[in-house]
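Below you'll find the structure, written out as structure tokens, and then a few comments.
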Number of protein chains: 2
Amino acid sequence: MPAKSDSRQRAWARFVTAQALLLERIEAAFAEAKLPPLAWYDVLWILENAREGELRGRLRMADLARKAVVSRSNVTRLTDRMEKAGLVARFDCPMDGRGTVATLTPKGRALRAKMWPVYKKQIDTLFGAHLGAREAEAIAATFEKMIDSFKRKTP
Amino acid sequence: MPAKSDSRQRAWARFVTAQALLLERIEAAFAEAKLPPLAWYDVLWILENAREGELRGRLRMADLARKAVVSRSNVTRLTDRMEKAGLVARFDCPMDGRGTVATLTPKGRALRAKMWPVYKKQIDTLFGAHLGAREAEAIAATFEKMIDSFKRKTP
DNA sequence: GGCCGTTAGTTGCAATTGCAACTACATAGG
DNA sequence: CCTATGTAGTTGCAATTGCAACTAACGGCC
């Protein structure tokens with residue numbers, strides 16, 4: 001955002017600011033409801049939707065890290081805390097002696113279900129309310145392009 | 001992002017993921033160029049563009065915090081580090097004995113100028129390249145709406 | 001089979017962050 | 001004028017985070 005910024009740069013600036021504001025508010029909403037932070041929700045959701053994988057609901061730590069967009073060491077600690085809270089379980093990977101797989105426990109599944117309405121409400125009022133259906137699709141498609149192109153560069 | 005997610009929720013999910021990936025890459029680009037993190041750039045840029053204000057290039061700490069979307073305590077530490085690095089200076093606010101104002105030093109201005117090309121390159125290739133001019137304007141306008149509506153709720 | 005370069009995950013350590021408590025000052029009301 | 005209430009900024013402390021170093025184990029190759 002220099003003095004003369006074109007529309008793309010303005011879009012970037014708003015993009016960053018909007019997300020910072022909304023995430024702040026979402027975290028606050030979780031905290032008010034005495035629920036864990038968004039990062040936990042992400043992990044729970046990723047694990048819950050990992051059933052398509054080869055390992056039926058189990059996910060390698062590195063895959064979890066990639067999907068949640070956090071560092072591997074961060075996933076380790078995150079999983080530590082969530083395991084201590086009884087939300088996920090870790091097992092040795094059957095195919096790879098070095099590997100570890102994480103799964104959701106029933107308690108973890110229940111917590112995700114409890115967190116979702118709180119999350120959804122924030123998404124709807126802060127984000128969705130400002131988007132037409134067509135616009136939402138366009139934005140989803142555009143960002144998906146960015147994500148794909150990014151991953152193509154860093155596989 | 002539940003099982004049946006409408007387009008707005010998908011848009012939100014992509015929005016969050018895209019930003020996490022891009023910010024990660026941008027920080028890496030700054031680090032590779034031996035430059036400070038993005039948070040420093042933000043502060044430098046905000047201060048450089050604060051000349052419009054009543055205080056001519058000086059900004060109250062709380063205003064800086066609001067514009068950078070960080071907590072007040074965080075602004076204090078951030079400013080501490082940047083002051084130690086000679087990039088900003090702090091003075092007592094003339095209008096308010098409790099207040100402090102921050103300004104850019106020449107060195108700070110120079111650093112921002114040096115960081116911008118690195119930042120711009122990342123924005124252009126990771127973000128701008130996937131946006132048509134019209135689309136960029138739409139996105140900028142939409143996110144601006146979100147930000148404004150948000151601030152109206154929390155003034 | 002045994003060695004070598006890679007990869008998976010964890011851990012130590014230092015840096016960043018947020019929340020809550022605190023000090024200093026400002027402003028309103030009596 | 002003086003007290004009461006609120007605000008600005010900083011700081012202590014605990015939690016989260018990333019980077020780099022480490023260990024264990026895979027896979028190719030001789």
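The shown structure was predicted, so the numbers you read here are calculated from the model rather than taken from an experiment. Sequence lines set the chain letters: A, B, ... in the order given, protein chains first and strands last, and positions in each chain run from 1.
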Original post:
Where along residues 22-40 of chain A does a heavy atom fall under 4.0 Å from DNA chain D?
Top reply: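 Contacting residues: none.
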Original post:
Taking any atom under 4.0 angstrom from a heavy atom of chain B, which nucleotides of DNA chain D are the first and last to qualify, 5' to 3'?
Top reply: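 Listed 5' to 3', the contact boundaries are D:dG6 to D:dC13.
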Subject >> Verdict with supporting geometry, A:Leu111 and A:Lys107, side-chain contact (heavy atoms from CB on, under 4.5 Å) >> reply: CA-CA 6 Å; A:Leu111 178 62; A:Lys107 194 170 169 187; 6.0 Å; no
Subject >> B:Phe150 ring center near A:Phe127 ring center (under 6.0 Å) >> reply: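 No, the ring of B:Phe150 stays outside the 6.0 Å limit from the ring of A:Phe127, centre to centre.
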Can we say [X] and [Y] salt-bridge, meaning some charged N sits less than 4.0 Å from an Asp/Glu carboxylate O?
| X | Y | value |
| --- | --- | --- |
| A:Glu144 | B:Arg10 | yes |
| B:Asp42 | B:Lys67 | no |
| B:Arg77 | B:Asp80 | no |
| B:Arg66 | B:Asp63 | yes |

Enumerate all atom pairs, one protein N or O and one N or O from nucleotides 26-28 of chain C, separated by less than 3.5 Å.
unit_1	atom_1	unit_2	atom_2	d
C:dA26	OP1	B:Gly97	N	3.1

Subject >> Nearest heavy atoms of B:Gly128 and A:Arg8, plus distance in Å >> reply: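 Here B:Gly128 and A:Arg8 meet closest at O-CD, 3.4 Å.
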Original post:
Touch check for A:Ser73, heavy atoms < 4.0 angstrom, all strands: base, sugar-phosphate only, or nothing?
Top reply: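 The residue A:Ser73 makes base contact.
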Original post:
When all nucleic acid strands are considered with a 4.0 Å heavy-atom cut-off, which category describes A:Thr100: base, sugar-phosphate, or nothing?
Top reply: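 Sugar-phosphate contact only - A:Thr100 comes under 4.0 Å of backbone atoms but never of a base.
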Subject >> First of B:Leu78 and B:Arg72 reached from the 5' end of DNA chain C, by closest nucleotide >> reply: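 Residue closer to the 5' terminus by nearest nucleotide: B:Leu78.
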Original post:
Step by step, would you call B:Met115 with B:Leu38 a side-chain contact (heavy atoms from CB on, under 4.5 Å)?
Top reply: CA-CA 9 Å; B:Met115 291 178 80; B:Leu38 182 56; over 6 Å; no
Subject >> A:Ser149 and B:His130: side chain donor to acceptor below 3.5 Å >> reply: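 There is such a pair (donor and acceptor under 3.5 Å, judged by atom type) between the side chains of A:Ser149 and B:His130.
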**OP:** First locate atom CZ of A:Arg25, then atom OG1 of A:Thr125, and finally report the distance between them rounded to the nearest 0.5 Å.
**Re:**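 Reported to 0.5 Å precision, the distance equals 8.0 Å.
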